[in-house]
S.K.: 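One structure, as structure tokens, below. Some questions next.
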Amino acid sequence: MAMTLEQAKEKLARYGQEHVLKYFGELSPEEQQELLDQIEVTDMGILEACGHREELVQRGVITPLAAMQLEEIEAHRDAFTETGMEAIRSGKAGAVLLAGGMGTRLGSEDPKGMYNIGITRKLYIFECLINNLMSVVRSADTWIHLFIMTSEKNHEATTSFLKEHQYFGYREEYIHFFKQAMAAATDYNGKIYLEEKGRISTSPNGNGGWFVSLKNAGLMETIHREGIEWLNIFAVDNVLQRIADPCFIGAVLKRDCAVGAKVVRKNAPDEKVGVMCLEDGKPSIVEYYELSDEMRDAKDENGDPAYNFGVILNYLFRVADLEKMAAGSLPLHIVEKKIPCLDEEGKLVKPEEPNGYKYENLVLDMIHQLDSCLPFEVVREKEFAPIKNSTGVDSVESARELLVKNGITL
Ligand code: UTP
């Protein structure tokens, strides 16, 4: 039974969000029902956390975590690759594309994966990623299940685009879509913003929302049925990354780690990337803005910087651990963002400056719940070409340059 107006009023009153119904009387019956449905599914309990943001970000004691570096990887490449290939051929590895983000920095209205980075031909971001995965499928001679996370905001566009392009040659029965949960966005006092008179402002609940969303979509059944034991999650925006990389999978398996993280050597001590570390003795990620001068200057036993390996959002998780973890809840991150919203007169404004909070779960907190992590170095120029912006650092331009260097015709 759908929520009634009375029930909605009660829920809103409980959380001090009565203003959400400000324009209710102006809406059509369908719009009214949609708003009531949205009020019903929105988790408003989490919004109260904005009153004690500082407590949420308290960190433990950070110490370095050594990465497995290129030299060591090269020395074991054949053995690692063999183990990884075995896991892939026996269907134990699946891949999860995180494509639920808003891609606001790129400034395109379409999902990021639909962006055409070709110059003389069409080459979409999704196509690059599928090509990369296909190269493993070909050498293993085994299809790999690919789970694609979208959000309410881009699901339709993403699924129809991929279908229209026949999944760029990927076998349809190995592709599984699921939608990420959404969270409401608020002003600085935790009051929910409206993006339309009949719609609460929402955004995807952060990259850490992926596993619970996958589970809620009923996909664990597929995972168990297919015997998938490891999931390689990866971001939509790194067009050079290797997905289900046999050597990486093999290294994590052979070292018996709970999670593997692909990392790149930082290009400068103050590069803006999160760095793998230990926090109170458990794997974690320290953000660039959390690095003290002392940590930046710290050295390992070889005299190299101790916090030197940045994460690229390419992780290998063990399904059994993920299932244990989903029982508990992840900490909440409250992030200042620019949130399009209605002003006092009910007109939509797109702010130039941050005007409130989004509420997110992050992958780093999933890693922190595990006992061991293998940071696995990859060559930056070969595996890291993120597209965050349209020009400048981590942009379409810089990614194109790197693709060309890697022999891809644009
Ligand atoms: P980013 O942190 O770059 O966020 O995502 P974004 O939303 O894509 O881009 P901006 O900040 O608005 O410009 C890193 C990866 O995590 C995914 C993104 O799709 C991307 O692959 N992601 C992020 C999700 O899948 N869901 C989220 O809620 C957030």
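Computed over heavy atoms, backbone and side chain alike; hydrogens, waters and symmetry mates excluded. First listed ligand is number 1; within each ligand, the first listed atom is number 1.
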S.K.: So does E172 pair up with K163, basic N to acidic O under 4.0 Å?
M.R.: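 Counted as a salt bridge, because a side-chain N and a carboxylate O are separated by less than 4.0 Å.
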
S.K.: Less than 4.0 angstrom from a charged side-chain N to a carboxylate O is my criterion; do E381 and K405 meet it?
M.R.: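 No, no charged N to carboxylate O under 4.0 Å.
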
S.K.: Are the charged groups of K179 and E152 less than 4.0 angstrom apart, N to O?
M.R.: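 No, this pair does not count.
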
S.K.: Pairwise, report which nitrogen or oxygen atoms of ligand 1 are under 3.5 angstrom from protein nitrogen or oxygen atoms, and how far apart they are.
M.R.:
from: ligand 1; atom 1: 3 (O); to: R105; atom 2: NH2; distance (Å): 2.9
from: ligand 1; atom 1: 3 (O); to: K388; atom 2: NZ; distance (Å): 2.7
from: ligand 1; atom 1: 7 (O); to: M102; atom 2: N; distance (Å): 2.8
from: ligand 1; atom 1: 7 (O); to: G103; atom 2: N; distance (Å): 3.3
from: ligand 1; atom 1: 9 (O); to: G103; atom 2: N; distance (Å): 3.4
from: ligand 1; atom 1: 11 (O); to: R105; atom 2: NE; distance (Å): 3.2
from: ligand 1; atom 1: 11 (O); to: R105; atom 2: NH2; distance (Å): 3.0
from: ligand 1; atom 1: 12 (O); to: G103; atom 2: N; distance (Å): 3.4
from: ligand 1; atom 1: 12 (O); to: T104; atom 2: N; distance (Å): 2.8
from: ligand 1; atom 1: 12 (O); to: T104; atom 2: OG1; distance (Å): 2.4
from: ligand 1; atom 1: 13 (O); to: T104; atom 2: N; distance (Å): 3.2
from: ligand 1; atom 1: 13 (O); to: T104; atom 2: OG1; distance (Å): 3.4
from: ligand 1; atom 1: 13 (O); to: R105; atom 2: N; distance (Å): 2.8
from: ligand 1; atom 1: 13 (O); to: R105; atom 2: NE; distance (Å): 2.8
from: ligand 1; atom 1: 19 (O); to: L98; atom 2: O; distance (Å): 3.2
from: ligand 1; atom 1: 19 (O); to: G101; atom 2: N; distance (Å): 3.0
from: ligand 1; atom 1: 21 (O); to: L98; atom 2: O; distance (Å): 2.6
from: ligand 1; atom 1: 21 (O); to: V236; atom 2: N; distance (Å): 2.8
from: ligand 1; atom 1: 25 (O); to: G100; atom 2: N; distance (Å): 2.9
from: ligand 1; atom 1: 25 (O); to: G101; atom 2: N; distance (Å): 3.4
from: ligand 1; atom 1: 26 (N); to: Q180; atom 2: OE1; distance (Å): 2.8
from: ligand 1; atom 1: 26 (N); to: Q180; atom 2: NE2; distance (Å): 3.3
from: ligand 1; atom 1: 28 (O); to: Q180; atom 2: NE2; distance (Å): 3.1
from: ligand 1; atom 1: 28 (O); to: G206; atom 2: N; distance (Å): 2.9

S.K.: What orientation do Y188 and Y357 show, parallel under 30°, tilted 30 to 60°, or perpendicular over 60°?
M.R.: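 It falls in the perpendicular class, over 60°.
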
S.K.: Determine, stepwise, if the pair L364 / E287 fulfils side-chain contact (heavy atoms from CB on, under 4.5 Å).
M.R.: CA-CA 10 Å; L364 74 93; E287 294 297 345; 3.6 Å; yes

S.K.: Do the side chains of S139 and M85 get nearer than 4.5 Å, heavy atoms only?
M.R.: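 Yes, their side chains come closer than 4.5 Å.
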
